[in-house]
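The structure appears below as structure tokens.
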Amino acid sequence: MTANTTTIIETRAACKFFGEGESLVKAVNDVDLRIETGEFTAIAGPSGSGKSTLLNIISGLDHVTSGKIFMNGAEVTQYTDKELANLRLKHIGFVFQNFNLLPVLTAYENAEYILMLRGMPENERRDKVMAVLDKLGIADKAKNFPSQLSGGQQQRVAIARAIAANPTVVLADEPTANLDSKTAASLVEMMAELNEKEGITFLFSSHDPRILDCSKRVLVLTDGAISDDQKNN
Amino acid sequence: MERFFTLIKLALRNLGRQKRRTFISVSAVGFGLAIALFFLTLGDGIYAKLMEDAVRTNGGNFSFEHPDYRDAPAIDLFVSDVQTKRKQIANLPEVETTKLLVLGQGVIKTAHGATAVGIAGIEPGIEKTYSTVAEKITQGAYLEDTDKNAIVIGHLLAKRLKVKVGKKVVLSTNNQHGMLAEELFRVKGIFKLGADEADGYLVQIPIAQARAIFALDQNSATQLGVLLRDADDLDEVLQKAQKFTTNTATLRTWEETLPDLSNYIRTDRGSNQVFQGIMIIICLFTIFNTILMSALERTHEFSVQLALGTPLYMLKIQLVLEAFFLGFFGALFGFLVGGGLAWWVQVHGFDLRLVYEFEGELEVSGFVFDTIMRAKISKEVVLVLCGGVWLSTILMSLVPIQRLKNIPIAKVLR
Ligand SMILES: Nc1ncnc2c1ncn2[C@@H]1O[C@H](COP(=O)(O)OP(=O)(O)O)[C@@H](O)[C@H]1O
Ligand SMILES: [Mg+2]
């Protein structure tokens, strides 16, 4: 195994096909990819190019058709569902396109959710969550329920939830797609800052050119295959 | 532990989120439970009252009888040594009183005719307190301990024989040795129980006279009846009483001495239970529907929770907890409403005449009863009903939690 200490994600000839015969869709087709700690990488490509599917097989939300995926050197394509759940809980922070906060929990409780699942003691949790909410500028919304928050605020809570638990990597599938461009820009700025200052690794998908400009690295997917891999600056 | 509290919080808030639906299903199952609880405890109250009236008037909650008497009642099948036995049994703390009965058959005669009667030799002092016959005297008066050659008869018998209070009648029968015995009595009272069988057939005389005509001694009786302070103690007392049995005295429960009533109660209670059971099951379907729906429509949310790394078992516990609380509130609702109603009817009583129309008296298997009914709440009924509803609700959640593991998370979150 090529367990490079800094490589956190590696895919080898990863394929994910849907359907069969006539209707076979090669959503992810033979992707080889390495993500190192500290990266701020965007997966670009038009709708239907396989961005979500690639993120899903990396996080184990979906199973590969063939190929292998490694996380911190461990082959997660061999994992059971239970191990995958544990992997996501311990190592992956998620940010979804449509926020996906739990509606019955407040902003604070949503951000706290993963820490709670991990069994972190209450007082530690409180400090951690309040610090993160504060950093994201939504500490004053801690007691609000998602329905009482704007899209931008909800997505900040989602980012707070994703990073509060210090994940190995934050996977974000089109995190700004449901936000207006101004909110989107400030959100990306915030993620970039978290990457710069806290060293949090981000792998996200987007097809918004302005957002791709902020990324250190842009992988371009075309019909499920990586067609370009640019490093900015 | 903290995780568990979070699950409780999630479960309760999820119920609170669909307030209307939660309210509807809680009240549906609550009402079903309340109705069942009310009618079952009312039934139990009615049966207890029927039984109580009947055993007081007849042979007690249980009695000592000659072992062969039940199969072929005859005057020579009597319990001997009743006085000692009576003292022994009266010493048990659960026993309210004991009563002696001499029971035989004979013919009553007047100038207008003769007819067969059931003769009961009774102890007036005791019967006066306990028997419904004493309460139902419509003309004249009931027997007293000091009475000699006095008789009380039913109003139908009085009509047939055209006798009035104060008139003379002759009782004729065979004594225990098979010899003919006749005795003159004066009608002291006429009763109207409302049940034709009793009103046209039963006569009561003081036990001393009965012993005399049947040639029984002071120490003999057909039945030594035992009345309990609390009918529920029956099994316990039966065990204690077992040691007082002899070759002329065996134990008979009221169910054996009053088989018609006992059968009536058994079948009526059975059909009541079946009926209420069906209703509860129907109401449980509402709650089942709620549980399934609320799980089904939250597939997306569950997918989010699973994507975030929530262990499957925790999600399962969350759903079971939701059902746990739903069932709890339903059971509580039913308990408060049904139990409250039943309690009211237990304390204040409820006149059946408000609901049913009776011609004359309320008669069940030849026994006449008061129309004021009282519920009888028992721990068992409350526990079985409320616990059953609660438990079934919890069990229902096992259906949707089986589906959780099959949720295609990636597809749902697309
Ligand atoms: N569950 C699925 N079943 C069938 N086809 C799917 C499924 N998920 C994705 N696809 C197909 O795979 C391709 C890639 O989809 P997706 O990864 O969602 O692209 P993107 O996120 O870049 O828009 C699309 O053609 C899509 O229709
Ligand atoms: Mg997508």
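Sequence lines set the chain letters: A, B, ... in the order given, protein chains first and strands last, and positions in each chain run from 1.
Chosen from A/Asp81, A/Asn56, A/Leu117, the residue pairing most often with chain B at heavy-atom distances under 4.5 Å is A/Leu117. Put simply, of B/Ser303, B/Pro408, B/Pro311, B/Gly309, the one with the most heavy-atom pairs under 4.5 Å next to chain A is B/Gly309. Annotation: maximal heavy-atom pairing with chain A below 4.5 Å, among B/Arg414, B/His300, B/Met314, occurs at B/His300.
No hydrogens or angles considered: a donor-acceptor pair under 3.5 Å links the side chains of B/Arg266 and B/Ser262. A/Tyr113 and B/Thr6 are not linked by any side-chain donor-acceptor pair at a separation below 3.5 angstrom, with hydrogens and angles left out of the test.
The six-membered or imidazole ring of B/Trp390 lies near that of B/Phe324, with a centre-to-centre distance under 6.0 Å. B/Phe275 and B/Phe39 have their aromatic ring centers separated by at least 6.0 angstrom. Between B/Phe333 and B/Phe335, the distance from one ring center to the other does not fall under 6.0 angstrom.
If you measure heavy-atom distances from B/Lys9 to chain A, the contacts under 4.5 Å come from the side chain alone. Using a 4.5 Å cut-off between heavy atoms, B/Leu312 makes no contact with chain A at all. Of the atoms belonging to B/Arg17, it is side-chain heavy atoms, and not backbone ones, that fall under 4.5 Å from chain A. A/Glu109 touches chain B through its side chain: at least one heavy atom from C-beta onward sits under 4.5 Å away, while N, CA, C and O do not. Contact annotation for A/Phe145: only side-chain heavy atoms (C-beta onward) come within less than 4.5 Å of a heavy atom of chain B. Contacts between A/Leu105 and chain B at a heavy-atom distance below 4.5 Å involve backbone atoms as well as side-chain atoms.
The aromatic rings of A/Phe202 and A/Phe204 stand perpendicular to each other, their planes meeting at an angle above 60°, with 30° marking the opposite boundary.
Using a 4.0 Å cut-off between charged nitrogen and carboxylate oxygen, B/Lys411 and A/Asp62 do not count as a salt-bridge pair.
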